[in-house]
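The structure under discussion appears below in the form of structure tokens.
In the text below, chain A, chain B and the rest are named by the order of the sequence lines, each starting its count at 1.
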Number of protein chains: 2
Amino acid sequence: MISPLEVFRKYINGKGLRNTPERETIIMEIFSVHDHFDVDELFLRMKDQKSKISKASIYRAIPLLIESGLIKEVFFEDGHLHYEPIYGHSHHCHLRCIRCGKVIEFVEEEMNNIIDRLSKKSNFNILDHRLDFTGYCPECNEKSALK
Amino acid sequence: MISPLEVFRKYINGKGLRNTPERETIIMEIFSVHDHFDVDELFLRMKDQKSKISKASIYRAIPLLIESGLIKEVFFEDGHLHYEPIYGHSHHCHLRCIRCGKVIEFVEEEMNNIIDRLSKKSNFNILDHRLDFTGYCPECNEKSALK
DNA sequence: TTGTTATTGCAATTAATTTGCAATAACAAT
DNA sequence: ATTGTTATTGCAAATTAATTGCAATAACAA
């Protein structure tokens with residue numbers, strides 16, 4: 001499997017755009033952690049590593065990373081968007097505790113059947129989906145029950 | 001079944017807050033259309049009906065409407081949040097065309113099984129979920145294929 | 001090496017949402 | 001009904017995420 005950087009270079013070339021060290025740094029940072037992130041957090045992570053890349057460059061890179069299939073938007077929370085790497089990751093759903101914020105990721109095999117069925121019924125060409133659950137994690141559920 | 005207004009009054013009383021004609025107008029407008037909405041759209045709909053209610057009041061009412069179980073956030077798009085009435089509505093998923101924006105709603109029975117299975121496996125107390133599909137609707141899919 | 005122009009960082013802008021404040025009004029107690 | 005307390009309102013100002021204009025820089029094709 002080719003690396004995220006290679007995927008990005010191909011995409012950029014195909015579009016007649018230019019690759020830059022800034023964009024490669026952003027991609028490397030995202031794929032060194034393999035977890036969801038938001039712009040501010042990514043900016044701070046890179047700053048910790050002495051990177052001087054501006055937030056504007058991150059904001060400008062994001063649509064390219066999405067278009068090239070490296071990342072996607074996952075949810076809007078705390079007043080801003082959150083993203084996660086998808087290239088090289090299997091599609092997964094989120095189970096999020098509304099009390100402590102804990103997020104568990106898991107793969108739901110049944111979704112493929114649902115998508116097949118729904119595609120046929122609706123005639124939509126379904127390209128992506130989002131399945132997120134919210135509730136109380138075991139610990140927070142106990143704490144709520146005590147009150 | 002009691003009306004959305006009654007549900008809201010109960011909630012407001014239980015919290016020691018005060019009900020107002022502004023909030024009742026907002027609720028009536030939302031439940032007269034029974035479809036998803038955003039703040040600006042709701043504000044304009046009410047303005048058309050000669051209502052003088054300010055946007056600030058709508059923004060301040062929304063957390064109360066969510067807490068009382070009348071509406072919920074559905075997605076963040078075009079730079080702002082979208083909501084939909086849930087009281088008296090069966091839980092449904094969205095199928096959205098990424099080209100023309102068309103949204104189809106449907107009920108996915110299989111979700112109940114998935115939730116049961118997942119609750120047992122994770123020990124989470126699952127309270128809500130969101131299942132959204134994106135892709136091309138039949139018309140837009142044809143148009144894209146032609147290019 | 002050179003020329004074109006995409007990309008950068010910075011600062012200013014935009015747009016959604018929140019908040020401070022003084023006036024108003026809901027509602028419990030009288 | 002009247003009154004007092006204080007939640008709610010509308011307005012305008014503030015806040016915050018995200019976008020954009022601009023001049024300087026740098027990618028990359030020729």
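Remark: A:Arg96 qualifies as a cation-pi partner of A:Phe75 under the 6.0 Å distance and 45° angle criteria applied to the six-membered ring.
Less than 4.0 Å separates DNA chain D from at least one heavy atom of each of the following residues of residues 36-60 of chain A: A:Ala56, A:Tyr59, A:Arg60.
Note that CG of B:Leu44 is 11.5 Å distant from CD of B:Gln49, once rounded to the nearest 0.5 Å.
When each of B:Ile12 and B:His80 is assigned the nucleotide of DNA chain C bearing its nearest heavy atom, the one mapping closer to the 5' terminus is B:His80.
Separating the CD atom of B:Glu73 from the P atom of C:dA16 is a distance of 16 Å, rounded to the nearest angstrom. Separating the CD atom of B:Glu77 from the P atom of C:dA15 is a distance of 18 Å, rounded to the nearest angstrom. Atom-to-atom, NZ of A:Lys15 to C1' of C:dT5 comes out at 18 Å; the value is rounded to the nearest Å. The distance from atom CZ of A:Arg18 to atom P of D:dA27 is 9 Å, rounded to the nearest whole Å. Atom CD in B:Glu24 sits roughly 12 Å away from atom C1' in C:dA26 (whole-Å rounding). Here C:dA15 presents its C1' atom at 13 Å from CG of B:Leu81, a figure rounded to the nearest Å. To the nearest angstrom, C1' of D:dT5 lies 15 Å from CG of B:Leu17. Atom CG of B:Leu65 and atom P of D:dT8 are 13 Å apart (whole Å).
Note on ring orientation: taking the six-membered ring where Trp is involved, the planes of B:His82 and B:His36 are tilted (angle from 30° to 60°).
Between A:Thr20 and C:dT8 there is a side-chain N or O to OP1 or OP2 distance below 4.0 Å. Contact annotation: A:Arg23 does not reach the phosphate of C:dA6 (side-chain N/O to OP1 or OP2, under 4.0 Å).
Searching all strands for a Watson-Crick or G-U wobble partner of D:dA30 with both distances below 3.5 Å returns C:dT1. Nucleotide D:dT25 has C:dA6 as its partner under the Watson-Crick or G-U criteria, with both atom distances under 3.5 Å. Using N1 to N3 plus N6-O4 or O6-N4 for Watson-Crick, or N1-O2 and O6-N3 for G-U wobble, each under 3.5 Å, D:dT2 pairs with C:dA29.
Heavy-atom minimum distance, B:Leu127 versus A:Tyr136: CD1-CE1, 3.6 Å. In terms of heavy atoms, B:Asp78 sits closest to B:His80 at O-ND1, 3.0 Å.
Residue contacts for B:Pro21: at a heavy-atom cut-off of 4.0 Å it reaches the sugar-phosphate backbone alone, with no base atom in range.
For A:Arg18, there are no side-chain hydrogen bond (donor to acceptor under 3.5 Å, both in side chains) partners two or more places apart in sequence or in a different chain.
B:Phe106 and B:His92 have their aromatic ring centers separated by at least 6.0 angstrom.
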